[in-house]
Amino acid sequence: MKLAKLAGNNLRRTPARSVLTAVSVLIATATLTVVLSVDRGYSKAVERDLVEKTGVHLYITKEGCPIEAAAVIAQGGLSPLYVEENLVDKVRAIPEVAAVLPFQLFTATTKDGSRTDIFMGITEEIRTIRPDWIITNGGWFSAENSVILGSQIAQIENVAPGDKLYSEKYDKEFVVSGILAQNWGQDDGTIFLPLKTAQKMIERKGKLSAIAIKLKDISQLQNVTLKLRGDLPKEYYVLGSKELSDGILGFFSATRVIMFVMVVVAFGVSVFGILNTMLMAVMERRREMAYLKCVGAKRRDILGLVTLESLILCSAGAIAGAGIGLALMPAADHLLRGLLIAYIPAGSITDPTLPLISLSILLTVAVGVLCALYPAWKAASIVPMEVLRNE
Amino acid sequence: MNSIVKLDTVSKIYRRGREEVQAIKNVSFEIFEGDQIAICGPSGSGKTTLLNLAGCMDHPTTGTISVEGKEVGQASESVLADIRSRTVGFVFQQFFLIPTLTVLENAALPLIFSNRVVPRDQVVSLLESVGLGHRLDHLPGQLSGGEMQRVAVARALINEPRLVLADEPTGNLDSRSAASVIELFDSLHSRGIAVVIVTHNPELAARCRKVVRIEDGTIAV
């Protein structure tokens, strides 16, 4: 018989306690796996959306606090920040620019606050600049009151091209001209309308939320950025899509902190559970440990035995936890999509990779083994004669 | 006859809180190959302490202890563990069997720590020799007290020690089980293994070749 088998047998002696401890390890590993996957997946998805996929290389926005602006828009208000529309022609005149999309973004919240619709005023250049923006049903705006719906909002409203849609807040009736292909992103819940209509609705004629720019050659990014920064009034920002994605990831950092606090709490509970279990196991088996020393067990054997018990317990919990974390990944993806305010990327926001799962397992097991060191040291320090005489 | 363990003017003082307890006072005692010794005496007289010192389970406060001619009184814990693993086998009143291990696994337990490889057949034959050939895969909870003590004896013998130390081996047994265990110790002696038994059982003491009486930590003459 090997020490590992003896350790496994010892764990079987108090099955309920062993299972509960393993469950606490499982929860900690599952949480860590999900959080690490979301942390990595969200960053990748934002970068993929805004840097790799959109075709937008630069944005022009107005100086100010973008978080405040986002908060105002999310609550159904109008952003105090806007870009003058007359800049569009200036930008178009730059030879390195391939396409320019001026847009106006605003929201409409129902009176009871139960629903907020996102509106985006656009021009036809969106088709050039956003290759993933595809109308699958119907066509482009046919009138001033035409709208193109994201797939999700179309499903919620149960409308098809030709159907009518009413906005209570703006007391305006729209006609659906097209429905977009689902792209699992922000577009799915957005109502697109002609830019001029949008500006009229919110009484911001000649004003834009921002201007998106696509360059003919990405290698000219630095030159064009510097040129725009030099030419435009000082109150304008010229942001690369990478800077924008970094900014969005900056908003995400608060969510990230909350997620990692959850991991710390789960680990705290797990550490307490392992320490408690191993200490109890050692205290209850002091006479047996003393007897093992009588039959030749050295300090290192007892240290090894207790550490192995913790290792088995934590490995089982960690492997099961990683599996459950993987199984919960779609649910976590769905849940977080509902919580994210800054930006909801298309595609999955979780990215569980083998090294990441291995890291979760290894980290949990390492913590478990560390927790066992004190109980193991206590067990190894037993003086057999004293224990057998006094207990 | 060859000496296995020799205690020379050994004393052992314990601390119990602020109080010092002198369990053994200047005791000299030697165990030779083939000995069969009963240690008798009233409770608290120092019998178990003497047995434990002879089994290298603790260091003496004063005096020397030699095992197979080598002074080990102040040896490291690792050296003492080696002696306990290879030279001495222990049997206790409470058996100390691990409840989730089978009879066969309990008997083979000390092999984990001695790093010896003993074929399964040899463990089985040892258990057969103590009358447990039909109980190999049973758990301790399925055995009688006498059977559990016989497993403990087999476990003490698995590393082929030269000396078996037993502390009240019949103390927890009914008379019938006690009789079978006494016979078992007789057979150990007949196999050439030195046996030292701490006991209150007069029948067991009477069957030993030599009886040592302890009173107040000293050997009574």
Side-chain angles (χ1 to χ4, degrees), chain A residues 1-19 277 280-309 311-313 316 376-391, chain B residues 12 14-16 21 23 44 46 48-49 51-53 55-59 76-102 104-116 118 120 123 139 152 155-156 158-159 161 165 167:
Chain A
M1 191 172 54
K2 303 280 183 222
L3 205 60
K5 190 178 176 192
L6 181 60
N9 260 287
N10 287 338
L11 292 172
R12 275 177 28 208
R13 290 160 72 173
T14 49
R17 190 197 297 160
S18 299
V19 166
T277 295
M280 291 269 286
V282 166
M283 291 302 169
E284 284 170 1
R285 294 182 357 233
R286 276 170 64 82
R287 283 162 69 90
E288 188 180 300
M289 299 283 184
Y291 182 77
L292 292 181
K293 282 194 154 189
C294 289
V295 297
K298 298 183 176 71
R299 278 180 70 92
R300 65 164 184 268
D301 294 320
I302 303 291
L303 268 170
L305 178 65
V306 178
T307 310
L308 257 175
E309 286 177 24
L311 184 70
I312 293 169
L313 202 61
W377 172 80
K378 280 202 73 109
S381 305
I382 282 172
V383 178
M385 202 167 163
E386 280 180 15
V387 172
L388 295 176
R389 187 177 59 241
N390 296 330
E391 295 181 18
Chain B
K12 181 69 190 178
Y14 296 118
R15 288 203 164 274
R16 192 185 293 148
V21 179
T48 298
T49 304
L51 194 80
N52 289 340
L53 286 169
C56 296
M57 276 170 47
D58 205 355
H59 296 105
S76 70
E77 205 194 315
S78 174
V79 170
L80 296 185
D82 267 338
I83 293 168
R84 294 196 295 263
S85 171
R86 293 169 193 280
T87 311
V88 187
F90 287 91
V91 177
F92 292 92
Q93 186 177 351
Q94 294 92 345
F95 325 131
F96 293 125
L97 301 181
I98 294 182
T100 48
L101 298 183
T102 62
L104 192 77
E105 289 166 337
N106 264 295
L109 185 66
L111 297 173
I112 297 176
F113 308 113
S114 63
N115 293 320
R116 283 182 67 219
V118 171
R120 187 180 188 275
V123 186
L139 293 172
R155 186 179 55 186
I158 192 73
N159 278 321
L165 301 173
D167 192 357

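Every chain is numbered from 1 and lettered A, B, ... according to where its sequence line falls, protein lines coming before strand lines.
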* Asked: Below 4.5 Å, heavy atoms only, C-beta onward: do A:Leu292 and B:Phe96 meet side chain to side chain?
  -> no
* Asked: So A:Leu6 and B:Leu109, side-chain contact (heavy atoms from CB on, under 4.5 Å) or not? Walk me through it.
  -> CA-CA 9 Å; A:Leu6 181 60; B:Leu109 185 66; 3.8 Å; yes
* Asked: Just how far is it from atom OG1 of B:Thr100 to atom CZ of A:Arg12, taken to the nearest 0.5 Å?
  -> 5.5 Å
* Side-chain contact test, heavy atoms from C-beta onward, threshold under 4.5 Å: evaluate it for A:Val383 versus B:Met57 and give yes or no. => no
* Structure fact -> Rounded to the nearest 0.5 angstrom, the CG-CG distance for B:Asn115 and A:Asp301 is 7.5 Å
* State, to 0.1 Å, how close B:Ala81 and A:Ala297 come at their nearest heavy-atom pair, and which atoms those are. => CB-O, 4.1 Å
* Asked: What's the spacing between B:Ile112 CD1 and A:Lys5 NZ if we round to 0.5 Å?
  -> 9.5 Å
* Part of B:Ser78 within contact of chain A (heavy atom distance under 4.5 Å) -> both
* Can you measure from CG (B:Leu97) to OH (A:Tyr291) and round to the nearest 0.5 angstrom? => 8.0 Å
* Asked: What distance do B:Phe113 atom CZ and A:Arg300 atom CZ have between them, rounded to the nearest 0.5 Å?
  -> 11.5 Å
* Structure fact -> Sorted by chain and number, sequence neighbours left out, side-chain contact (heavy atoms from CB on, under 4.5 Å) with A:Glu288 holds for A:Asn10, A:Arg13, A:Arg285, B:Ile98
* Residue pairs fulfilling salt bridge (charged side-chain N to carboxylate O under 4.0 Å, His left out) with at least one residue in residues 77-95 of chain B, sequence neighbours excluded -> A:Lys293-B:Glu77, A:Lys298-B:Asp82
* For residues A:Cys294 and B:Phe92, report the shortest heavy-atom separation together with the two atoms involved. => SG-CZ, 3.8 Å
* To do: Evaluate the side-chain proximity of B:Ile158 to A:Val295: yes if any heavy-atom separation is below 4.5 Å, no if none is.
  => no
* To do: Among B:Leu80, B:Thr48, B:Thr49, single out the residue with the greatest number of heavy-atom pairs under 4.5 Å to chain A.
  => B:Thr49
* Structure fact -> Heavy-atom closest pair (A:Gly296 atom, B:Ser85 atom, distance to 0.1 Å) is CA-CB, 3.7 Å
